[in-house]
Amino acid sequence: MVINGRLRWKLLIGLIAAIAFDTMLQIVWKTAVVDTPEVNLSVSSSFAAFVANPLFLGVIAIMTLQFFNWLMVLGEADLSYAKPVASLSFASVPIMSVLLLHENFDAVEVAGVICVIAGVFFIGQTKPLTRGANLTFESPVLRVPNRMSNSKAPRDSDGC
């Protein structure tokens, strides 16, 4: 996150927020599901249970915040850099699940968290931003020629 000797604060804050939002989302979602009484699988009863539990509205709010934060992050850094850093939530969710939800955490999960953190460290050694790159995507399969680009564009029936 240091480019030309300058720390990119907006990117740093956005990535920390991305990790925090994803962690918070998973914890609140799990809590909402556990707190929701069992209902039959009909759409109307599931929707009624959803609306009756305010934690689900929290889930939607967190997803909305996460969406807009991610737009900002992608405006500041390459996806190949930002997504692996944001995947630190794969380490924070199990830790917060133990602390807040009193779930179990064994040695294999500890090893997994360490691997995630090490992987993000190594990916973090790359430069996080490619300025001036052509960010357009053109699929060779979906290429559609622009037939309106010549001066002989079709006219309306009234000649306009």
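Just so it is clear, the model here is predicted, and its values are computed rather than measured.
Annotation: Phe90, atom CZ; neighbour count of heavy atoms from other residues, nucleotides and ligands within 6.0 Å does not exceed 12. Shown here is Trp70, whose CH2 atom has more than 12 heavy atoms of other residues, nucleotides or ligands within 6.0 Å. For CG of Asp106, the number of neighbouring non-hydrogen atoms (other residues, nucleotides, ligands) closer than 6.0 Å is greater than 12. Counting heavy atoms of neighbouring residues, nucleotides and ligands inside a 6.0 Å radius, atom CZ of Phe68 does not exceed 12 of them.
Every pair passing side-chain hydrogen bond (donor to acceptor under 3.5 Å, both in side chains) that includes a residue from residues 54-68 is listed here, sequence neighbours excluded: Asp22-Gln66.
Going from atom CD of Glu103 over to atom CD of Glu109 covers 8.5 Å, rounded to the nearest 0.5 Å. Distance CG/Leu99 to OG/Ser92: 11.0 Å, rounded to 0.5 Å. To the nearest 0.5 Å, atom NZ of residue Lys30 and atom CG of residue Asp35 are 10.5 Å apart. Distance check: Phe21 CZ to Ile62 CD1 gives 8.5 Å after rounding to the nearest 0.5 Å.
The nearest pair of heavy atoms linking Asn69 to Ala17 is OD1-CB, 3.7 Å. Pairing each heavy atom of Ala82 with each of Val73, the nearest pair is CB-CG1, 3.6 Å. Here the closest non-hydrogen pair linking Leu55 and Val28 is O-CG1, 3.7 Å.
With Leu15 as the partner, the side chain to side chain contact (heavy atoms under 4.5 Å, CB included) test is satisfied by one option alone out of Leu12, Leu11, Ile13: Leu11.
Hydrophobic clustering of Ile, Leu, Val, Met, Phe, Trp and Tyr side chains at less than 4.5 Å, counting indirect connections, keeps Ile123 apart from Phe121.
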